[in-house]
2 protein chains.
Amino acid sequence: MKSIAQQLGVTVSTVSRALQDHPRIGLRTRERVHELAEQWGYVPNSTAINLKRKRTFNIGVVLPFLTEQFFSMAISGIEDVAIGEGYSVLLMQSRNDYERERIAISTFIKHGVDGIIVSLASETHNNDHFSTVNNHGLPIVFFDRVARNLPNSCVYADLTEVTTEAVDYLFRRGIDRIALLNGPGTLQATDERLTGYLTALASRGVPVNQAYLKNLDLSRDNTIRAMNELLELPEPPRAVLAFHDYIALDAMQVCRERGLVINQDIFFVSYSNLSFCAYLEQPPIASIEQFPYEMGRKAAEFVIATISDPAATERQINVIRPALTIRPEWRIDQ
Amino acid sequence: MKSIAQQLGVTVSTVSRALQDHPRIGLRTRERVHELAEQWGYVPNSTAINLKRKRTFNIGVVLPFLTEQFFSMAISGIEDVAIGEGYSVLLMQSRNDYERERIAISTFIKHGVDGIIVSLASETHNNDHFSTVNNHGLPIVFFDRVARNLPNSCVYADLTEVTTEAVDYLFRRGIDRIALLNGPGTLQATDERLTGYLTALASRGVPVNQAYLKNLDLSRDNTIRAMNELLELPEPPRAVLAFHDYIALDAMQVCRERGLVINQDIFFVSYSNLSFCAYLEQPPIASIEQFPYEMGRKAAEFVIATISDPAATERQINVIRPALTIRPEWRIDQ
DNA sequence: CTGTTAGCGCGTTCAT
DNA sequence: ATGAACGCGCTAACAG
């Protein structure tokens, strides 16, 4: 800007205004400035602009694993609305580790993002790092794996009802020994699955078999051990509700190794409805679609709205309606 | 900083120095400053610092799809070294679209990143947007899908030899009608696969059947059509080398729908070696591991090195050695 | 219409 | 050991 000002014999401010197409600027001046800017390949220094605007137009995203398709789809949603609103996306994976999540958050605030979107690490057991952010007045929105007891906006799928629906569907198929490979107790979604499950049983008067209920830490070993325990029960389950598709895959492999035939000796229903399941010869008979892309979009819309109007501090909660997706060949004709 | 300076009755400069543990500063002053900083929850404004340093400590990454595990693993590598060196990662997906890629690049330079890492969109047919970056003196490194005719550093897996090895392996299994579901001609890796394939055939004196060679645009429909064409040949192939695992999955499904039994009537070898293949009942008998995490790391190391020392403009090229990974049950005992 | 001045938050030389 | 002053690149309120 300085050089082009000199070259034209005007001030930097004039150039600045010309570049912004300020109304009260000499038409000729404006044209010449634009010309030279083009010619010199002038690119405005956003750091300087941001310093003035007190904004970075960055939004930070912390989530467990990008290798899980659920999250990579969610981030596509985030990315799409962020770009649309002139923001860029800063990314960090927590890998389900509390410490990494903390570091990610503090990196973001040091780095000066305008807002943060989080999907909790499964190992996160306290929320001090988030409270810090809140005290900083930095907008933060949770999605999918939302934090309890935190007054932030969030978007998630309430799995209670759809879980009841899923269990009910299994009942209608004549299956009543149903195990639940649930997640860690730190997640709200774990409660929802359990509640939905218990509701379904209660409404049919089926007694709860505690041995069928497992809380996993989402590690592979843990899943394998739990599935083995289920199969060694005197009355092993005939169906398994798995925390998500990846858990189902591991669990199904355990079954196969023990000589069970999937979708014959034992059935699976899982959460996420990821695309690769379609390629399995014997996929879960149903999966619960949680619309991650939409969740990402909503979460991004929330942060950006809060950034744009910090006054409106009211908590926004968006509950996505998940859908029980039964594979065509396993649908029950009404 | 201002408020804490006032409260202590000193200048902002003093505070600044105290915070940096400047040697020649009053020990008492330093302590008190740190104290107050802690208490007030002072966070240095990185935008201002960056403005001075003329750096943003952001590096931008453009790649086709995060939903492809290959790329999400690569970005983990990038992320790990970036964080280690104090950088943050800005993300954008091109979705294999040229226009989106262009926008991503220009967003990054507007946004003022310190360096860019790119894996090309399959539809990218010209490199003007990258030339612009080069003229700007902004470091840019390509990984995996590298650009031809561009003088930038890059890291990729040379697939020529390993492809020869793969074809040779099929020959040794007694299979000689081998199709190649290759990628778009814009990618260097497409050439490599072809060259490796042809070399293997030549060394055995096997004639080339042009009908077995297909160039895909990586869309699902296109893959399905190509696979159907192969199967309708008078002499359909007995093995298929697929551009990557996702292509293999689609192609395998076509086979299954036509009543073929995978790993009996027809065999697959593919590239990427993604984890979910392990869950298929009949996975490709071999896959070529390209070590995406390592590629990501190397790419990040390159950009950061160039950022730190812009003088050293010499082009760096790192060729990763891919590995033919044959599933245990299909290994040929030597 | 355009120049002057001030300031965003911080680092840094030059004095003292 | 600390203060004063300047500048990073750009915007904007205040003069003319």
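Chain letters run A, B, ... following the sequence lines, proteins first, then strands; residues in each count from 1. All values below were derived from every heavy atom in this structure, side-chain atoms included, with hydrogens, water molecules and symmetry-related copies excluded.
- Distance, A:Gln6 CD to D:dG9 P: 13 Å, rounded to whole Å.
- Straight-line distance from the CG atom of B:Leu27 to the P atom of D:dT2: 10 Å, rounded to whole Å.
- As rounded to whole Å, 15 Å separates atom P of C:dG11 from atom NZ of B:Lys2.
- Note: CD (A:Gln20) to P (C:dC1) measures 17 Å, nearest angstrom.
- Distance, A:Arg55 CZ to C:dG9 P: 15 Å, rounded to whole Å.
- Salt bridge B:Glu301/B:Lys298: present, at least one basic N to carboxylate O contact under 4.0 Å.
- With no hydrogens or angles considered, a side-chain donor-acceptor pair links B:Asn126 and B:Tyr98 at under 3.5 Å.
- A:Thr29 comes within 4.0 angstrom of the backbone, heavy atoms only, and of no base.
- Here A:Asp144 contributes atom CG and A:Leu120 contributes atom CG; the two are 9.5 Å apart, rounded to the nearest 0.5 Å.
- Across every non-hydrogen atom of B:Pro139 and B:Val303, the tightest pair is O-CG1, 4.2 Å.
- Residues from residues 10-19 of chain B with heavy atoms under 4.0 angstrom of DNA chain C, sorted by number: B:Ser13, B:Ser16, B:Arg17.
- In summary, B:Arg102 and B:Asp97 do not engage in a salt bridge, as defined by a charged side-chain N under 4.0 Å from a carboxylate O.
- Protein atom CG of A:Leu8 is 10 Å distant from nucleotide atom P of C:dG3, rounded to whole Å.
- Annotation: of the two residues near DNA chain C, B:His22 and B:Ala48, the 5′-most nearest-nucleotide partner is B:Ala48.
- We find that NE2 of A:His111 is positioned 18 Å from P of C:dG9, with the value rounded to whole Å.
- The CZ atom of A:Arg24 sits 11 Å away from the C1' atom of D:dA12 (whole-angstrom rounding).
- Among the heavy atoms of the strands, none lies under 4.0 Å from A:Gly112.
- Nearest nucleotide to the B:Leu51 side chain, out of C:dT2, D:dG9, C:dC8: D:dG9.
- The pair B:Asp114-B:Arg53 does not count as a salt bridge, with every side-chain nitrogen at least 4.0 angstrom from each carboxylate oxygen.
- The number of heavy-atom neighbours closer than 6.0 Å to CZ of A:Arg100, taken from other residues, nucleotides and ligands shown, is above 12.
- In this structure, B:Lys52 and B:Ile25 both approach DNA chain D, and ranking their closest nucleotides by distance from the 5' end singles out B:Ile25.
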